[in-house]
2 protein chains.
Amino acid sequence: MRKSDIQTVRKLALFSDMSDECFETMLQGAFLQRFPSAVVLIGEGEPADFLHIVVDGCVELYATTNGRESTMAVVRPVATFILAAVLADAPYLMAARTIESSQILMIPAENLRDAMKNDAELTRAVVNELANSYRSVVKTLKNHKLRSGVERLANYLVSTHENQGANGRIYLPVEKKLLASMLGMTPENLSRAFATLKPYGVRVKGADIEISLIDDLRVLAKPNELIDNPRS
Amino acid sequence: MRKSDIQTVRKLALFSDMSDECFETMLQGAFLQRFPSAVVLIGEGEPADFLHIVVDGCVELYATTNGRESTMAVVRPVATFILAAVLADAPYLMAARTIESSQILMIPAENLRDAMKNDAELTRAVVNELANSYRSVVKTLKNHKLRSGVERLANYLVSTHENQGANGRIYLPVEKKLLASMLGMTPENLSRAFATLKPYGVRVKGADIEISLIDDLRVLAKPNELIDNPRS
DNA sequence: CGACGATTTGAATAGGATCAATGGGAGTGG
DNA sequence: CCACTCCCATTGATCCTATTCAAATCGTCG
């Protein structure tokens with residue numbers, strides 16, 4: 001690993017408070033590697049040999065069964081994925097693939113577990129990250145069990161609108177096909193959901209979306225702090 | 001708290017390896033209390049003041065938004081709930097209520113967090129519990145995003161059949177209304193799903209279910225280790 | 001330019017929800 | 001102990017949502 005890369009990693013919230021010594025030991029045998037788009041990084045059911053961290057780019061977590069496939073989450077820098085599998089020393093429940101050219105840091109699972117034994121600050125940060133990951137999945141599950149497809153889309157648009165400056169337009173950061181899978185619907189259904197939102201000021205031009213009646217959209221979406229707010 | 005209760009708690013996997021000193025300090029200000037059925041223990045959005053542990057009985061975790069309600073999980077002894085909220089010092093994402101007369105241990109959130117600073121074994125156990133909770137929610141989400149209602153029911157029956165001795169019959173441990181909500185459907189739809197499974201050897205008499213063609217049922221259900229196995 | 005995949009639209013179908021009505025038990029109070 | 005009540009559960013009818021299959025269009029990339 002190059003020195004500049006190490007510095008990038010060192011600044012991650014997960015590692016910023018741990019001791020230099022533990023940090024360096026932990027990185028023995030770690031990789032920071034760049035992958036092109038569409039590379040499968042880990043497969044469902046494989047043993048959790050490495051903790052992965054998205055340093056740059058974008059990674060999709062997805063799951064399959066019985067020929068079906070669904071997107072579980074999209075991970076953007078800087079965040080870990082499959083932390084729980086590493087800590088439980090259990091097989092991955094989700095597969096992961098790059099959806100852009102991405103830089104991934106891979107830390108041997110055992111290194112992380114050993115480092116946690118020796119560094120309380122690291123452990124504290126790991127617990128924090130894990131607790132927030134848990135809460136994130138719970139929110140996703142609530143989103144799916146309590147809302148219809150159109151409502152999920154409307155809330156996605158409302159949140160994204162705020163994250164992107166709340167200036168009446170959105171740029172979709174992912175393909176519609178992937179967005180559909182994130183929202184738990186087919187691409188066809190997503191198209192129709194967008195059409196349904198037209199009376200609420202939603203106009204689609206490729207990845208550019210115009211949000212002209214945000215208040216109306218919010219009335220339909222009824223955003224909920226405990227589902228849509230990534231913090232809290 | 002009575003001495004016998006303390007001994008019960010002491011044996012929980014979460015606490016069994018921690019030091020006596022930390023354990024006793026942690027229990028300062030803790031309650032072990034019995035509640036009747038249908039008592040709301042915590043509400044969605046409330047601050048996480050206590051870690052709750054189901055020592056006896058049964059607790060439903062549920063979520064609401066916009067007038068709708070859905071069961072997120074059912075917690076049986078001996079297990080914690082809302083551990084993540086306590087660790088993240090964040091509001092509860094799910095509400096909890098007893099569905100039987102239940103004995104609940106409540107430990108002040110700050111006590112737990114302090115104890116973790118002083119006791120590495122406790123921390124290790126908490127990380128383990130949290131990682132497994134995370135994996136459990138991920139499995140639930142996969143179940144919902146990748147399967148139809150009938151398939152979810154079929155898989156529930158297959159798992160329950162195994163857990164209850166695989167002898168051709170099941171006793172439903174929860175009301176059908178609650179089961180329907182767990183499985184993400186209406187009670188009416190659950191009734192119809194049971195009817196759909198009749199050709200697969202599923203016969204319903206109240207809470208007693210006869211499973212006469214388990215192999216056929218498994219062919220329909222297509223159980224998946226990474227969704228249906230609580231371990232792994 | 002041409003091929004391929006993404007997106008959209010239409011039509012038909014399936015899956016699930018809602019509304020309404022009825023049957024069944026469990027628990028309560030007389 | 002029995003009648004009553006309440007709520008759970010089932011069934012029918014209908015409506016709405018979402019998926020599937022098909023086909024046309026659009027864009028992008030080699």
Side-chain angles (χ1 to χ4, degrees), chain A residues 36-38 60 65-71 97 99-101 143-156 170-199 202-210 220-221, chain B residues 36-38 60 65-71 97 99-101 143-157 170-198 202-210 220-221:
Chain A
S37 186
E60 175 193 4
T65 196
N66 189 18
R68 277 160 275 184
E69 176 179 315
S70 188
T71 303
R97 67 186 156 216
I99 55 178
E100 298 172 8
S101 163
N143 195 30
H144 276 82
K145 289 195 77 173
L146 293 166
R147 287 174 172 160
S148 71
V150 171
E151 288 172 330
R152 291 195 295 275
L153 174 59
N155 278 291
Y156 175 85
I170 292 174
Y171 180 79
L172 289 184
V174 295
E175 283 188 343
K176 293 210 186 79
K177 189 184 173 183
L178 177 58
L179 177 59
S181 185
M182 284 171 55
L183 296 175
M185 56 178 91
T186 59
E188 295 95 321
N189 202 22
L190 177 62
S191 273
R192 294 183 178 110
F194 270 122
T196 304
L197 295 180
K198 204 182 257 187
V202 176
R203 215 150 294 260
V204 183
K205 290 169 212 132
D208 293 307
I209 316 261
E210 184 190 318
L220 172 71
Chain B
S37 187
E60 175 192 5
T65 196
N66 188 19
R68 276 161 275 186
E69 175 179 315
S70 188
T71 303
R97 67 185 157 217
I99 55 178
E100 300 171 7
S101 164
N143 196 30
H144 277 81
K145 289 194 78 174
L146 293 166
R147 286 175 174 160
S148 70
V150 171
E151 288 171 329
R152 291 195 295 276
L153 174 59
N155 278 291
Y156 175 85
L157 294 176
I170 292 174
Y171 180 78
L172 288 185
V174 294
E175 282 187 343
K176 293 209 186 80
K177 189 184 175 183
L178 177 59
L179 177 59
S181 185
M182 283 171 55
L183 296 175
M185 57 177 90
T186 59
E188 294 95 322
N189 203 18
L190 176 62
S191 273
R192 292 182 180 112
F194 270 121
T196 304
L197 294 181
K198 203 182 257 186
V202 176
R203 216 150 293 262
V204 183
K205 290 168 213 135
D208 293 306
I209 316 261
E210 183 190 318
L220 171 71

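Hydrogens, waters and symmetry mates are skipped; everything else that's a heavy atom, side chains included, is used. Per chain, numbering begins at 1; letters A, B, ... match sequence-line order.
With values rounded to the nearest 0.5 angstrom, B:E100 atom CD is found 12.0 Å from B:E60 atom CD. Between A:E69 atom CD and A:T71 atom OG1 the span is 6.5 Å, to the nearest 0.5 Å. For the atom pair B:L179 CG and B:M185 CE, the distance stands at 7.5 Å (nearest 0.5 Å).
In this structure, the NZ atom of A:K198 is 12 Å from the C1' atom of C:dT9, given to the nearest Å. Taking atom CG of A:L178 as the reference point, atom C1' of C:dG5 lies 15 Å away to the nearest angstrom. Between B:R68 atom CZ and C:dT18 atom C1' there is a gap of 13 Å when expressed in whole angstrom units. Counting to the nearest Å, the C1' atom of C:dT7 and the CG atom of A:L179 are 13 Å from each other. Put simply, NZ on B:K176 is 12 Å from C1' on C:dG25, counting in whole angstrom units. The nearest whole Å value for the distance from the CG atom in A:L190 to the P atom in C:dT8 is 7 Å. C:dG10 atom P lies 9 Å from atom CZ of A:R192, rounded to whole Å. One interatomic measurement links the two molecules: CG of B:L172 to C1' of C:dG25, which rounds to 16 Å at whole-angstrom precision.
Contact check for B:N143 versus B:Y156: no side-chain heavy atoms found under the 4.5 Å cut-off. Using a 4.5 Å cut-off on side-chain heavy atoms (C-beta onward), B:F194 and B:L157 make contact. Looking at heavy atoms from C-beta onward, A:L197 lies in side-chain contact with A:L220 at the 4.5 angstrom threshold.
Extent of DNA chain D lying under 4.0 Å from chain A heavy atoms, first and last nucleotide in 5' to 3' order, is D:dA18 to D:dC21.
Residue-level contact check: B:S148 touches the backbone only, with heavy atoms under 4.0 Å from sugar-phosphate atoms and none from bases. Among the heavy atoms of the strands lying under 4.0 Å from B:N189 are primed sugar atoms or P, OP1, OP2 only; no base atom is included.
Residues A:G149 and B:A195 both approach DNA chain D. Their nearest nucleotides, taken by heavy-atom distance, put B:A195 toward the 5′ side. The residue among A:R152 and A:E188 whose nearest nucleotide of DNA chain D lies closer to the 5′ end is A:R152.
Screening A:N155, A:T196, A:L190 for a side chain to side chain contact (heavy atoms under 4.5 Å, CB included) with A:V150, the sole residue that qualifies is A:T196.
Out of C:dA17, C:dT9, C:dA6, the shortest distance to the side chain of B:M185 is found at C:dA17.
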